[in-house]
Amino acid sequence: MTSSTPTPPGTPGSSGDRPGPGLRPPDPPGGRRAVLVWSVGVSVYFVAIIFRTSLGVAGLDAADRFEINASALSTFSILQLLVYAGMQIPVGLMVDRVGTKRVLTWGVILFTLGQLGFAFFPHYGMALVSRALLGCGDAMTFISVLRLGSRWFPARRGPLVGQLAGLVGMAGNLVSTLVLARLLHGIGWEAAFGGSALLGVLVLGLMLLFLKDHPEGHAPPPVPKEHRGAAFVRHQIARSWAEPGTRLGLWTHFTTQFPAMVYLLLWGLPYLVEAQGMTRAEAGELLTLVVLANMVIGLVYGQLIARNHRARSVIVLGTVLATGACWAAVLSWPGTAPAWLLLVHAMVLGACGPASMVGFDFARPANPPERQGTASGIVNMGGFTASMTSLLAIGVLLDLTGDNYRVAFSVLLVLQAFGTAQILRLRRAALRCESERLVASRVETVHVPV
């Protein structure tokens, strides 16, 4: 081994053009073409979020339509998230194996059928099946969009591209809180939900016409024969899980996402109307504020992490602390909370989504390209498992306590404390492994065989 002058990867004659053992392939170029293709992919995620969060503005209407109590109402979201979380590792493996376009195609078809079924099935049981179908299709979108970004943009853009994907998703949530809620009370249940399903048909057409898995000249290597079968699947999962960065990513996602997810997905509107005495319009404005804050904070977090990866831990732990403090203040306030506190609470909840995206930034450098989908699936299970657990606990506690929201929502603080302990336990080992891998990569780049 002799030292040579390092050549920037991606330039002619550089080692980045001929990745050897241990070296990552050269970065994709990015550019306008990348933005166009990625925009088509992220539009699928945008529609999936509209469908996912549509129940959040229709919870009280759904209870009346299907004549169900709080526990049964929460079952809609629990089942949807159970299917979503259970599909994450299989979807990650599928993305690694068959590519983004195929997985997204299946996802669009499934979540569109789920939204149509929820619009027209009048019985609770069939509506549950529809939400499960929607959750299955929804599960195929976000990991695919993350992989699409890593295939079309340079690695240094990864944190920003990820946060932008989350921002677009929150824009879908904004459509639910502003547009779908008004349509629901203007044209009725079936017309509002059935009409929204047409968005799925639209993005399916765009995707089939314009989406490509990767730019020209950046195709992944063919999958070797030995990389198939159940044994290799178990190996992929085990290797991804063995990385401290993957596990840190999972617990980061677990701890940061669910406090806002539960609020937006189902229980925010009932809580503000029934426990805080707001009108539906006032409650809708606060839910909108959560979404808007999420979009702004997502851009800030993405820029901070892209410029300084050391900011990741500060962002995560700071967000967890602020969220826990706000929930504790709102729940412990005697009587109804003042307007200023609910406003602060809503804005702080807006940081939860962007903070959860940091989990993928912990897992990404810990895994090679061929395991990115699998690792992302493991991380993405975290927040949705926490959301599913808290949705169930809140529904059960509301029924047991006669709609005592203070007691029911206290479960959020318990889950946050548990997740924070796991983050603190794994953080040092994950960052040490990441630092060692970065040093090794730099040595391989500047030393080439004679």
Side-chain angles (χ1 to χ4, degrees), residues 49-84 110-138 173 175-197 261-284 286-287 384 387-409 411:
I49 294 295
I50 295 176
F51 293 178
R52 180 198 299 174
T53 58
S54 56
L55 185 60
V57 297
L60 297 176
D61 301 271
D64 293 336
R65 176 179 172 85
F66 301 109
E67 299 179 348
I68 52 178
N69 61 14
S71 296
L73 178 61
S74 66
T75 303
F76 277 127
S77 296
I78 292 166
L79 179 61
Q80 180 181 335
L81 294 184
L82 178 64
V83 173
Y84 185 104
L110 289 173
F111 70 57
T112 302
L113 290 175
Q115 187 77 342
L116 278 172
F118 196 62
F120 296 110
F121 286 134
H123 303 297
Y124 178 66
M126 293 304 296
L128 274 177
V129 173
S130 297
R131 295 308 285 187
L133 200 62
L134 193 156
C136 185
D138 182 16
N173 200 326
V175 171
S176 292
T177 57
L178 292 179
V179 180
L180 189 60
R182 294 185 179 183
L183 289 175
L184 188 63
H185 299 111
I187 62 177
W189 180 282
E190 292 182 353
F193 278 94
S196 67
M261 175 68 74
V262 169
Y263 199 72
L264 291 170
L265 196 61
L266 183 61
W267 289 121
L269 187 72
Y271 168 71
L272 293 171
V273 172
E274 296 178 355
Q276 296 296 336
M278 290 186 165
T279 65
R280 288 194 182 203
E282 292 170 337
L286 272 185
L287 295 179
F384 290 94
S387 296
M388 181 176 57
T389 303
S390 51
L391 282 167
L392 175 62
I394 289 171
V396 170
L397 288 172
L398 285 174
D399 284 338
L400 290 176
T401 60
D403 291 339
N404 187 326
Y405 281 91
R406 294 181 193 275
V407 174
F409 274 41
V411 71

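To the nearest 0.5 Å, atoms CG (L116) and CZ (F121) are separated by 9.5 Å. Separation of atoms CZ (F66) and OG1 (T75) is listed at 12.5 Å; rounding is to 0.5 Å. Annotation: the span from L128 atom CG to F76 atom CZ amounts to 5.0 Å, rounded to 0.5 Å. Taking CZ of F51 as the reference point, atom CG of L110 lies at 12.5 Å (rounded to 0.5 Å). The structure places CG of L392 at 4.0 Å from CD1 of I78, a figure rounded to the nearest 0.5 Å.
Within the structure, the salt bridge (Lys or Arg N to Asp or Glu O under 4.0 Å) test picks out the following pairs touching residues 55-64 (sequence neighbours left out): D61-R280. Identified under the side chain to side chain donor-acceptor pair (under 3.5 Å) test for residues 388-400, with sequence neighbours left out: S71-D399. Residue pairs meeting the salt bridge (Lys or Arg N to Asp or Glu O under 4.0 Å) criterion with at least one member in residues 266-279: none, sequence neighbours excluded.
Under the side chain to side chain contact (heavy atoms under 4.5 Å, CB included) criterion, S54 pairs with Q115, R131, L180, F193, not counting sequence neighbours. Not counting sequence neighbours, the partners of V407 by the side chain to side chain contact (heavy atoms under 4.5 Å, CB included) test are T401, N404. Residues that satisfy the side chain to side chain contact (heavy atoms under 4.5 Å, CB included) test with L266, not counting sequence neighbours, are L55, L73, S74, S77, L391.
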Kindly indicate, with the supporting measurements, whether the criterion side-chain contact (heavy atoms from CB on, under 4.5 Å) is fulfilled by L264 and T53. CA-CA 7 Å; L264 291 170; T53 58; 5.5 Å; no
For the pair L287 and Y263, evaluate side-chain contact (heavy atoms from CB on, under 4.5 Å) and give the outcome as yes or no after the intermediate values. CA-CA 8 Å; L287 295 179; Y263 199 72; 3.7 Å; yes
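The closest side-chain heavy-atom distance from L272 to E282 is not below 4.5 Å.
A donor-acceptor pair is defined here as one N or O able to donate and one able to accept, closer than 3.5 Å; such a pair exists between the side chain of Y124 and the backbone of A72. Side chain of W189 to backbone of F118: a donor-acceptor contact under 3.5 angstrom is found.
Across all non-hydrogen atoms, the minimal contact from L286 to M278 is CD1-CE, 3.4 Å.
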